[in-house]
Amino acid sequence: MAIDFKGGLIAIALLFDVTNGFHDAANAIATVVATRALSLRSALLLAAVANFVGAFLSTRVALTIESGILDSRALGEQWFGVIGTALLGAMGWNLLTWYWGLPSSSSHALIGGLVGAALFQVSPHIISWQGIVEAVVLPMIVSPLVAIAIGLSFTTLVEKWLQSQEIPPEHWQRLQILSGMLMAVAHGANDAQKTMGVITLALVSWGQLAPDAGVPFWVMGACALAIAIGTYGGGERIIRTTGEKITPLDPVSGCFANLSAALTVGAASLVGFPVSTTQVVVGAITGAGYRHQGEVNWQVWAQIFLAWIFTFPGAALLAIALSYALSPL
């Protein structure tokens, strides 16, 4: 499978980045659309621009993906097969969960794909299992809980203050649009970097880049543009699930859900944790919406939670199946 087709692998990675933006557009603008602060198309345009800007803010997450999941030096001649099938497996999972309208994690799909492809094509020894625990297991547990707690706290504090204030509804709509843009910037600062990390891993694997060289600027620019294009395409099925089916939202709860998620994802990006922005946003919406409206659709929550649980092994199995199917090549 060691096909010397480097440009093709980069194109596959950028296509995954497009599906990441398409699949995760709900992370930034679901609340804005649900409360009708903006039309769907206007919200997607703002989110696409903010995602593009956010992608240039840091490379810590990209470096975690590049060096914290697989040993690039041990990939050898299998670099194309491992990275290519990992990306295709992750894209396949993204498309399946989009079709089902479930907000799953593109991050965990990508990491699951890398692990599945490496297990089948090389050896379990090139996988950093400690990195898997730190990048998948712990964030899957901690990040939505942190977002729920921040959403509950923000909404509780603000509601007490609002009792003595009279703020026109249109002001809350403006604040919600601003908070949605902040969340989109945070999303770009975390999710776009995951594809940057994969491309950088490929460049290191085929000897075109030193292991400690960092992320080339052209890689940052290409990934920023790809995720922005995907975001503007917008997966409306998931936007409806996230914004309308978890809990009733109004401009107040929507605003603080976005702020809670942006703080959580922004902090993770600064320290290099590739968290699932989907899980963070769902947690923040749950916390803010429950505190403000007192209602959560736990049946929908259970379906989303199952998608989270199955994302890593599901993408890994798709990558293994693709590796098996393409192995004669």
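- Nearest heavy atoms, Phe16 versus Ala90: CE1-CB, 3.5 Å.
- In this structure, the side chain of Asp71 does not engage the main chain of Ile126 through any donor-acceptor pair within 3.5 Å.
- Distance check, rounded to the nearest 0.5 Å: CG of Leu15 to CG of Asn20 gives 11.5 Å.
- In this structure, Ser143 and Gln279 approach most closely via the heavy-atom pair OG-OE1, 4.0 Å.
- Linking Ile, Leu, Val, Met, Phe, Trp and Tyr residues whenever their side-chain heavy atoms come within less than 4.5 Å leaves Leu178 and Val265 in two separate clusters.
- At a cut-off of 3.5 Å, with distance as the only test, no side-chain donor of Thr277 or Asn190 sits close to an acceptor on the other residue.
- With Thr97 contributing its side chain and Asn94 its backbone, the two residues share a donor-acceptor pair below 3.5 Å.
- Residues Ser105 and Trp308 bring no donor and acceptor atom of their side chains to less than 3.5 Å of each other.
- Evaluation of the side-chain contact (heavy atoms from CB on, under 4.5 Å) rule for Val185 yields Ala50, Leu57 as partners, not counting sequence neighbours.
- Inter-residue side-chain proximity for Pro103 and Val282 is flagged as met; some heavy-atom pair is nearer than 4.5 Å.
- Between Cys223 and Leu14, some side-chain heavy-atom pair lies under the 4.5 Å cut-off.
- In this structure a side-chain-to-backbone donor-acceptor pair under 3.5 Å is present from Arg60 to Leu270.
- The main-chain N or O of Ala37 is never found under 3.5 Å from a side-chain atom of Gln176 such that the two would form a donor-acceptor pair.
- Judged by distance alone, the side chain of Ser253 and the main-chain N or O of Leu249 form no donor-acceptor pair under 3.5 Å.
- Counting all heavy atoms, side chain and backbone alike, Ile238 lies closest to Trp98 at CD1-CA, 3.8 Å.
- Judged by distance alone, the side chain of Gln193 and the main-chain N or O of Ser58 form a donor-acceptor pair under 3.5 Å.
- The hydrophobic clustering, which links ILVMFWY residues whose side-chain heavy atoms are closer than 4.5 Å, places Leu95 and Val18 apart.
- Counting all heavy atoms, side chain and backbone alike, Leu152 lies closest to Gly287 at CD2-O, 3.3 Å.
- Criterion: ILVMFWY side-chain heavy atoms under 4.5 Å apart, direct or through other members. Under it, Ile177 and Leu263 are not part of a common hydrophobic cluster.
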Check: Taking it one step at a time, do Trp129 and Val115 satisfy side chain to side chain contact (heavy atoms under 4.5 Å, CB included)?
Finding: CA-CA 9 Å; Trp129 296 108; Val115 170; 4.1 Å; yes
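- Rounded to the nearest 0.5 Å, atoms CE (Met181) and CG (Leu38) are 10.0 Å apart.
- Interatomic distance, Ile111 CD1 to Ile69 CD1, rounded to the nearest 0.5 Å: 4.5 Å.
- Considering only heavy atoms from C-beta on, Thr200 comes within 4.5 Å of Val215 through its side chain.
- The neighbour count for Phe56 CZ, taken as heavy atoms of other residues, nucleotides or ligands under 6.0 Å away, is above 12.
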Next item on the list: Take Cys255 and Leu259 through the side chain to side chain contact (heavy atoms under 4.5 Å, CB included) test and state the conclusion after the steps.
Entry: CA-CA 6 Å; Cys255 176; Leu259 284 176; 4.2 Å; yes
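- Distance alone, capped at 3.5 Å, places no donor-acceptor pair between the Thr59 side chain and the Ala62 backbone.
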Next item on the list: Would you check, one step at a time, whether the test side chain to side chain contact (heavy atoms under 4.5 Å, CB included) holds for Thr278 with Ser106?
Entry: CA-CA 8 Å; Thr278 301; Ser106 296; 5.8 Å; no
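- The main-chain N or O of Tyr232 is found under 3.5 Å from a side-chain atom of Arg41 such that the two form a donor-acceptor pair.
- With 3.5 Å as the limit, one finds a donor-acceptor pair spanning the side chains of Thr85 and Gln121.
- The shortest heavy-atom contact between Gly283 and Ile148 is O-CG1, 3.0 Å.
- In the hydrophobic clustering of this structure, Val61 does not group with Phe52; members are Ile, Leu, Val, Met, Phe, Trp, Tyr whose side-chain heavy atoms approach within less than 4.5 Å, directly or through other members.
- Rounded to the nearest 0.5 Å, atoms CG (Leu63) and CG (Leu201) are 11.5 Å apart.
- Put simply, CG on Leu306 and CD1 on Ile304 are 10.5 Å apart, with the number rounded to the nearest 0.5 Å.
- A side-chain contact (heavy atoms from CB on, under 4.5 Å) with Ile29 is found for one member of Leu46, Leu44, Asn258, Thr231 and no other, namely Leu44.
- With rounding to the nearest 0.5 Å, the separation of OG1 in Thr247 from CH2 in Trp298 is 9.0 Å.
- Hydrophobic cluster membership differs between Ile199 and Ile227, with clusters built from Ile, Leu, Val, Met, Phe, Trp and Tyr side chains linked at under 4.5 angstrom.
- If you check the side chains of Thr35 and Asp250, you find no donor sitting under 3.5 Å from an acceptor.
- Considering all non-hydrogen atoms of both residues, Ser104 and Thr311 come closest at CB-OG1, 3.4 Å.
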Check: Stepwise, does the side chain to side chain contact (heavy atoms under 4.5 Å, CB included) test hold for Asp191 with Ser107?
Finding: CA-CA 7 Å; Asp191 273 45; Ser107 309; 4.1 Å; yes
